[in-house]
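Read the structure below first, then the notes.
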Amino acid sequence: MTNEPAVSASNFIREAVEEDLRISRFDHVQTRFPPEPNGYLHIGHAKAICIDFGIAEAFGGKCNLRFDDTNPVKEETEYVDAIKEDIRWLGYDWGDQELFASDYFETLYGYAVELIKKGKAYVDDLSADQIKEYRGTLTEPGKESPYRNRSVEENLDIFDRMRRGEFPEGACVLRAKIDMAASNINMRDPTMYRILHASHHRTGSKWCIYPMYDFAHGQSDSMEGVTHSLCDLAYEDHRPLYNWFIEELGIFKTRQIEFARLNVTYTILSKRFLKQLVSENLVRGWDDPRMPTLCAMRRRGYPAQAIRNFIDQVGVAKNENLIDISLLEFNVRNLLNKTASRVLAVLNPIKVVITNYPKGQVEELEAVNNPEDPSAGTRTLQFSRELYIERDDFREVPPPKYFRLSPGREVRLRYGYIIKCEDFVKNQKTGEIEEIHCTYDPQTRGGYALDGRKVQGTIHWVSAVHAVEAEVRMYDRLFTIQNPNKVEEDKSYLDYVSPDSLKVLTGCRVEPSLANVKPGQQFQFERKGFFCVDLDTKPGQLIFNLTVPLRDTWAKIESK
RNA sequence: UGGGGCAUGGUGCAACGGCAGCACACCAGACUUUGGAUCUGAGGAUCUUGGUUCGAAUCCAGGUGCCCCAGCCA
């Protein structure tokens with residue numbers, strides 16, 4: 001792999017794996033990433049992916065991609081394809097090990113029969129409600145189902161008929177016979193199979209009984225020779241059951257290790273909630289750049305490597321965590337700073353007329369493409385009498401420490417000239433500044449003050465006649481509070497969706513070198529931020545996404 | 001009130017009986033033709049109470065707090 005490793009630092013999982021190898025519990029390392037194809041991957045999955053593939057890679061092992069597709073009513077091929085694309089984009093490769101739990105349905109069925117024969121599983125005719133009732137509570141033991149002691153023959157017969165479709169959904173389930181008084185509720189005769197007369201995205205109508213997660217996951221791991229099954233802390237309570245099935249079946253013993261899932265400030269990483277944002281049109285889709293999904297981050301211009309670096313820095317532990325989104329943004333900036341070409345783009349234009357500049361004259365000026373990377377070369381900028389600058393870069397009454405343009409003051413136009421504001425036109429009704437009149441100093445071509453005079457401010461600009469129009473989509477955090485997962489009792493995370501998360505700017509003016517860019521291309525709009533060309537861009541209709549803004553020291557000063 | 005898990009600066013992660021360190025964030029300064037980047041510096045943490053020890057974030061005991069578990073979801 002050519003990418004830098006994610007999860008490079010030592011952590012408790014690496015230590016555990018090292019120990020397993022040292023004591024010869026295993027002589028190699030095999031992991032797996034097991035998504036359920038019922039939604040799109042998000043930044044939380046990225047952590048799991050980096051850990052699963054990263055651990056394998058670190059120990060010279062392999063990582064399988066296995067779709068955990070045991071619930072046909074929720075799963076779709078569309079998601080399978082999207083998930084594969086996202087993992088590949090992150091930079092990981094599962095070789096030919098693209099596997100599906102549904103490929104194991106026949107084997108799993110055989111395992112179930114085996115357990116029935118051992119007297120370790122039975123068909124229960126209790127209704128879902130009754131099973132729930134019989135399960136007991138967190139503090140009281142459950143009680144045994146009246147069907148718990150059916151004969152092996154009867155169980156075998158009914159289970160076979162379940163498979164053949166003789167019963168409607170909910171009529172019965174196959175349960176493991178463990179211990180209804182177990183302190184761990186997962187051990188109170190968990191359901192192994194349920195009846196679902198649903199078409200499966202891969203097996204079609206071949207099956208009408210489907211294994212539950214607990215009866216599918218561990219055995220799938222085992223069949224694949226997975227040595228280390230790394231998963232969410234949520235499955236800690238399931239480990240005894242995971243081990244129980246493997247033990248009773250006498251199959252290859254894998255080791256499950258759990259780690260804390262990722263949480264990020266100002267965002268939500270629950271599939272259910274993300275689905276809701278999409279279905280209620282609070283965002284424009286799964287790949288809306290405000291979403292924490294990988295496809296959204298890709299569309300927004302977050303480099304995959306930046307995400308991997310972020311995951312690496314987040315670390316791996318068992319503590320519940322809430323990572324500051326600024327760490328992700330730092331990584332995005334850090335990477336883009338080295339790679340993105342600089343361009344001049346005016347997001348909120350106001351016209352500047354250089355009154356002493358000859359009408360009709362056009363000069364060509366040289367601009368550096370990337371000060372961080374001399375090999376990126378230079379390009380040419382057109383300068384003329386009428387320009388656009390950023391509305392923010394002019395103040396009729398400049399506040400203290402404001403270095404930009406204001407009446408009587410000088411400012412440098414990047415790569416251009418030093419200009420002085422002589423006058424401005426104000427709409428008397430609205431109070432809006434409509435035009436600024438300046439003079440330029442012809443001795444300062446390129447922006448150099450040969451007389452040594454100090455000009456504090458440098459602003460960006462475009463030539464009015466040469467500039468190209470564009471739409472720019474400015475994104476901000478989707479939620480107004482740090483942790484939308486924890487809200488006041490009578491509130492929902494939906495109450496905290498930010499009304500300002502998307503601002504569409506039209507009539508922006510960008511330098512002409514951007515006229516023919518392609519979706520996905522990334523740039524730094526100087527002094528503004530990193531932007532990328534959106535998928536919606538068509539010939540003659542430029543659309544940019546704000547990837548991440550530049551740090552804005554002035555905004556900080558001004559807000560004080 | 002059952003079971004499982006976790007407690008280190010604002011947020012994360014390290015330190016594995018021997019000077020509590022790193023990153024992000026925050027603050028101050030230098031530099032600057034991006035108020036970007038870069039550079040320098042500062043502040044700020046071991047949940048609590050006991051015990052073991054020459055020495056405890058680390059080991060032991062008791063408290064406290066937080067998270068997860070009662071799907072025919074994964």
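Reminder, nothing fancy here: chain letters follow the sequence lines and each chain counts from 1. Everything numeric in this text was worked out from a predicted model, so none of it was measured.
Backbone-only contact: A:T553 has heavy atoms under 4.0 Å from sugar-phosphate atoms and none from a base. Looking at heavy-atom distances under 4.0 Å, A:E372 makes contact with a base. Among the protein residues, A:P371 comes within range of the nucleic acid bases, having at least one heavy atom under 4.0 Å from a base atom. At a threshold of 4.0 angstrom between heavy atoms, the contacts of A:L322 are confined to the sugar-phosphate backbone, with no base atom among them. Residue A:H217 is classed as having no contact, given no heavy-atom separation below 4.0 Å to the nucleic acid. A:Y415 comes within 4.0 angstrom of a nucleotide base, judged by non-hydrogen atoms across all strands. Nucleic acid contact for A:R135: sugar-phosphate only, since backbone atoms but no base atoms lie under 4.0 Å from a heavy atom of the residue. Using a 4.0 Å heavy-atom cutoff across all strands shown, A:R188 reaches no nucleic acid atom at all. Among the heavy atoms of the strands lying under 4.0 Å from A:Y235 is at least one base atom, whether or not backbone atoms are also near. Residue A:L550 is classed as a base contact, given a heavy-atom separation below 4.0 Å to a base. The residue A:N71 sits close only to the backbone: its heavy atoms come under 4.0 Å of sugar-phosphate atoms, none of a base. Residue contacts shown for A:Q524 include a base, since a base heavy atom lies under 4.0 Å away. At the heavy-atom level, A:Y402 lies under 4.0 Å from base atoms of the strands shown. Residue A:I557 is in base contact, counting any heavy-atom pair closer than 4.0 Å across all strands shown.
Nucleotides B:G12 and B:A74 have their C1' atoms positioned 27 Å apart, rounded to a whole Å. Between the C1' atoms of B:C31 and B:G65, the separation comes to 47 Å (whole Å). Spacing between B:U58 and B:G50 at atom P, rounded to whole Å, works out to 14 Å. A gap of 14 Å separates the P atoms of B:A7 and B:C60, to the nearest Å. Rounded to the nearest Å, the gap between the C1' atom of B:G29 and that of B:G35 is 15 Å. To the nearest whole angstrom, the two C1' atoms, one in B:U8 and one in B:U40, are 27 Å apart. Spacing between B:C59 and B:C68 at atom P, rounded to whole Å, works out to 26 Å. For the P atoms, the distance linking B:U52 with B:A15 amounts to 28 Å, nearest Å.
The aromatic rings of A:H217 and A:Y242 sit tilted, their planes meeting at an angle between 30° and 60°. Ring geometry for A:F245 versus A:F215: interplanar angle over 60°, hence perpendicular rather than tilted (30 to 60°).
The separation between A:H460 atom NE2 and B:U32 atom C1' is 18 Å, rounded to whole Å. Put simply, CG on A:N331 is 13 Å from C1' on B:A25, counting in whole angstrom units. Put simply, OH on A:Y266 is 14 Å from P on B:A25, counting in whole angstrom units. Between A:E140 atom CD and B:C69 atom P there is a gap of 19 Å when expressed in whole angstrom units. In this structure, A:I185 places its CD1 atom 15 Å from P of B:C68, rounding to the nearest Å. Rounded to whole Å, the distance from CZ on A:R414 to P on B:U32 is 14 Å. The separation between A:K486 atom NZ and B:C67 atom C1' is 7 Å, rounded to whole Å. Rounded to an integer number of Å, the gap from A:L335 CG to B:A37 P is 15 Å.
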Taking Watson-Crick and G-U wobble contacts under 3.5 angstrom, with | marking pairs to another strand and [ ] crossing pairs, the secondary structure of RNA chain B is written .((((((..((((....[..))))..((((.......)))).....(((((..]....))))))))))).....

Counting primed atoms, P, OP1 and OP2 as sugar-phosphate and everything else as base, the B/S/- map of nucleotides 42-48 of chain B against protein heavy atoms under 4.0 Å is -------

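Listed by residue number, A:L126, A:S127, A:A128, A:I131, A:K132 are the residues of residues 125-134 of chain A with a heavy-atom contact under 4.0 Å to RNA chain B. Sorted by residue number, the list of members of residues 258-265 of chain A with any non-hydrogen atom under 4.0 Å from RNA chain B is empty.
Within the structure, every side-chain polar atom (N or O) of A:S183 is placed at least 4.0 Å from both OP1 and OP2 of B:G2. Distances shown here put every side-chain N or O of A:R333 at or beyond 4.0 Å from the OP1 or OP2 atom of B:A37.
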All N/O pairs under 3.5 Å across the protein-nucleotides 21-24 of chain B interface:
{"residue": "B:C24", "atom": "O2'", "partner": "A:S326", "partner atom": "OG", "Å": "3.4"}

Pick out the pairs of N or O atoms, protein on one side and nucleotides 4-9 of chain B on the other, that lie under 3.5 Å.
{"residue": "B:C6", "atom": "O3'", "partner": "A:N319", "partner atom": "OD1", "Å": "2.7"}
{"residue": "B:C6", "atom": "O2'", "partner": "A:N319", "partner atom": "OD1", "Å": "2.8"}
{"residue": "B:A7", "atom": "OP1", "partner": "A:N319", "partner atom": "OD1", "Å": "3.2"}
{"residue": "B:A7", "atom": "O5'", "partner": "A:N319", "partner atom": "OD1", "Å": "3.1"}

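A:D179 meets the salt bridge (charged side-chain N to carboxylate O under 4.0 Å, His left out) test with no other residue; sequence neighbours excluded. Under the rule for a side chain to side chain donor-acceptor pair (under 3.5 Å), the partners of A:N370 that lie at least two apart in sequence or sit in another chain are A:R342. Listed by chain and residue number, nothing satisfies the salt bridge (charged side-chain N to carboxylate O under 4.0 Å, His left out) test with A:R135 (two or more places apart in sequence, or in another chain). With sequence neighbours left out, A:E36 forms a salt bridge (charged side-chain N to carboxylate O under 4.0 Å, His left out) with no residue at all. Residues passing the side chain to side chain donor-acceptor pair (under 3.5 Å) test with A:K74, sequence neighbours excluded: none. Checked against ring pair (Phe, Tyr, Trp, His ring centres under 6.0 Å), A:Y402 has the following partners two or more places apart in sequence or in another chain: A:W554.
Of the residues listed (A:E526, A:K528, A:E390, A:E511), the one engaging A:H460 in a side-chain hydrogen bond (donor to acceptor under 3.5 Å, both in side chains) is A:E390, and it is the only one.
Within the cation-pi definition used here (under 6.0 Å to the ring centroid, within 45° of the axis), A:R150 does not qualify as a partner of A:Y122.
Counting distance only, with no hydrogens placed and no angle test, the side-chain atoms of A:R551 and the base atoms of B:G35 include no donor-acceptor pair under 3.5 Å.
Between A:R148 and A:D189 there is a salt bridge, since at least one side-chain N of the basic residue sits less than 4.0 Å from a carboxylate O of the acidic one.
Atom CZ of A:R261 sits in a sparse spot, with 12 or fewer heavy atoms from other residues, nucleotides or ligands closer than 6.0 Å.
In B:G41 the base sits anti relative to the sugar, since the glycosidic angle is further than 90° from 0.
Side-chain proximity of A:R194 to B:A14, B:C69, B:C73: nearest is B:C73.
Closest-nucleotide positions on RNA chain B for A:D124 and A:K401 were compared, and the one nearer the 5' end corresponds to A:K401. Remark on RNA chain B: of its neighbouring residues A:T137 and A:F525, the 5'-side contact belongs to A:F525, judged by nearest-heavy-atom nucleotide.
Annotation: A:Y109 is in aromatic contact with A:F159 [ring centroid separation under 6.0 Å].
Note that the CG atom of A:N186 and the OH atom of A:Y235 stand 11.0 Å from one another [nearest 0.5 Å].
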